[in-house]
Amino acid sequence: MTDLPTADLLLNPELIADPYPLYRRLQTEAPVWNVPGAEVAVVTSFPLVMEATARVEDFSNNMEALIYRDEQDLPMRLDFGGEGVQTLATADRPLHTLHRKIVFPELVARQMNALEGDITELATDCVARAVEAGAVEFMATVANVIPITIVERLIGFHDSDPQRLLAAAFDSTALLGGTLSLSDLEGLVLRTIAIEEWIGEQLDATSEPYDANILGAVKRGMDDGDLGRHEATVILHTLLSAGGESTTSLIGNAVRVLAERPELQAQLRADPSLLPNFVEEALRMESPFRYLMRSVPKQTRLGDTDIPAGTTVLLFWGAANRDPQEYDNADEVDLGRRTSRQHLAFGRGIHYCVGAPLARLEARIVLAELLQQTTEIRLNPDQPPRWVDSLQVRRHAELPLLLS
Ligand code: HEM
């Protein structure tokens, strides 16, 4: 094929801001695209992303490399040389089964339900402040505040500083974002070491009787000999990042979709029972994680394409979720979509997101508050929204709104 996309397209800032035309092109021309010269493969079609999540032997979650932007603006791999840490999200069976069992399911489910009152209180307060201001940067005032505060309570960290934890959560996804230079990436790795030292101290300060929270459950796993101290630390770090960053993205993305579509606001105000469907459509249309990585231990084939051993594979949930093979009017919000919860924004298979119920709950509560406390949500025409510069994360760095 002569007209396959070229590697530089992947990190092109305009395509990072609006990646959907590139995704569509890849779905048509190369649904599994071995990025030339990069040992990276990109998967964009719904059925093939689904297939890869099920073939866990061929597509391992063991993270072997990070991606950075080289001097020619091409995506390159920074290989860990076999030193990757296998914990929870980056573990394969049987370790993955053990990690998931230690932290979940009932503890997390129980704690999440108990947090509903806290979420409502926080959302009411943050949204009221935003509405009172009228012209507001929504991320700083609302979306960045709620998920990190809630996940901090869910984990049960002692004496923590939410701003520092939010910065750490943003750092974790920046590490995976694929757009940093090698030296910026190395700086970030040092900050990651510092936050993991702090998390390790939190574990050291926790002992029997364990609190009924995730910190207590993980420390029990350590004391029972099921988890090493480093594994325990990385599991908590993963939960902090996953819980603190991605729901922030979802809330901002959903509000952006609303701000651009007054008719949707009217529909949801008239019938709030449509809100859960809207949250699913926001997850599908603007998936907070555009992709997550897999590694390929031995040469394999996906669709019609061979993938060499050692390749880093990017499973693009954000592209699959707009695949016209799977969805009618894939680029439109449809509150009546029958398969609304079957998108891939929370992944699929054994690594399916453990925080999905919490993310949905937080988004529903914030959106309900916002719709209730306003008659109009608009983008601020003087300050356009700005996306975070990341190949992986779909989050607003700034979302200036006019609320009335
Ligand atoms: C809108 C918000 C969220 C999105 C879009 C999201 C997305 C995802 C995705 C796509 C995966 C699959 C990973 C894979 O297949 O490699 C995942 C896994 C995971 N998520 Fe979430 N997530 C969200 C919220 C949360 C929250 C609130 C928490 C914690 C409280 C959380 C914790 C996790 C963990 C621990 C895993 C790894 C599970 C495993 O490997 O078994 N996530 N998430």
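This one's a predicted model, so the numbers in the text were calculated from it and none came from an experiment. Counting starts at 1 for both ligands and their atoms, following the listed order.
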Taking only non-hydrogen atoms of I350 and a 4.0 Å limit, the atoms of ligand 1 in range are 41 (O)
Indicate, as side chain, backbone, both or neither, the part of L315 found under 4.0 angstrom from ligand 1 when only non-hydrogen atoms are considered. neither
Mark up the atoms of ligand 1 that fall under 4.0 Å of a heavy atom belonging to R294, in ascending order. 14 (C), 15 (O), 16 (O)
For residues 217-227, tabulate all N or O donor-acceptor pairs below 3.5 Å that involve a side-chain atom, not counting sequence neighbours.
unit_1	atom_1	unit_2	atom_2	d
K219	NZ	L203	O	3.0
K219	NZ	T206	O	2.6
D223	OD2	Y210	OH	2.5

S246 neighbourhood, listing ligand 1 atoms whose heavy-atom distance to it stays under 4.0 Å: 1 (C), 2 (C), 3 (C), 4 (C), 22 (N), 23 (C), 24 (C), 25 (C)
Quick one: does Y352 get an N or O within less than 3.5 Å of an N or O on ligand 1? no
Can you list the atoms of ligand 1 that are under 4.0 Å from a heavy atom of F289? 6 (C), 7 (C), 8 (C)
Side chains of E231 and H99: any donor to acceptor distance under 3.5 Å? yes
When you check the side-chain N and O atoms of D92 and S60, is any donor under 3.5 Å from an acceptor? yes
With heavy atoms of A89 as the reference, note each atom of ligand 1 found under 4.0 Å away. 37 (C), 40 (O)
Measure across P384 and P400 and return the closest heavy-atom pair with its distance rounded to 0.1 Å. O-CD, 4.1 Å
Distance under 6.0 Å and angle within 45° of ring axis: R360 vs F346: no
Tell me whether the guanidinium CZ or amine NZ of R284 lies under 6.0 angstrom from the six-membered ring centre of Y327 and within 45° of its axis. yes
Heavy atoms only: which of A282, G244, P147, G355 is nearest to atom 26 (C) of ligand 1? G355
Result for side chain to side chain contact (heavy atoms under 4.5 Å, CB included) between W33 and one of V40, L314, L10 points to L10
Are any of the N/O atoms in N61 less than 3.5 Å from those in ligand 1? yes
Should the pair H396 and W387 be assigned to parallel (<30°), tilted (30 to 60°) or perpendicular (>60°) ring geometry? parallel
Which ligand 1 atoms are under 4.0 Å away from a heavy-atom of P288? 5 (C)
Proximal candidate to atom 30 (C) of ligand 1 [heavy atom criterion; set T87, L240, L154, T248]: L154
Give yes if a backbone or side-chain nitrogen or oxygen of H351 is under 3.5 Å from a nitrogen or oxygen of ligand 1, and no if not. yes
Which bit of L250 is near ligand 1, meaning a heavy atom under 4.0 Å away: side chain, backbone, both or neither? side chain
I'd like to check which ligand 1 atoms, numbered from 1 as shown, lie under 4.0 Å from a non-hydrogen atom of L88. 35 (C), 40 (O)
Given the options K298, R294, R301, D58 meets salt bridge (Lys or Arg N to Asp or Glu O under 4.0 Å) only with K298
With nothing but distance in play, are any N or O atoms of W317 less than 3.5 Å from an N or O of ligand 1? no
Which atoms of ligand 1 have any heavy atom of V354 under 4.0 Å away? 20 (N), 32 (C), 33 (C), 34 (C), 35 (C)
May I ask you to identify, for A242, whether its side chain, its backbone, both or neither come under 4.0 Å of ligand 1 on a heavy-atom basis? both
Give the intermediate values and the outcome of side chain to side chain contact (heavy atoms under 4.5 Å, CB included) for residues V296 and F59. CA-CA 5 Å; V296 173; F59 295 94; 4.1 Å; yes
All side-chain hydrogen bond (donor to acceptor under 3.5 Å, both in side chains) counterparts of D118, not counting sequence neighbours: R153
Does any N or O of ligand 1 fall below 3.5 Å from an N or O anywhere on H96, backbone included? yes
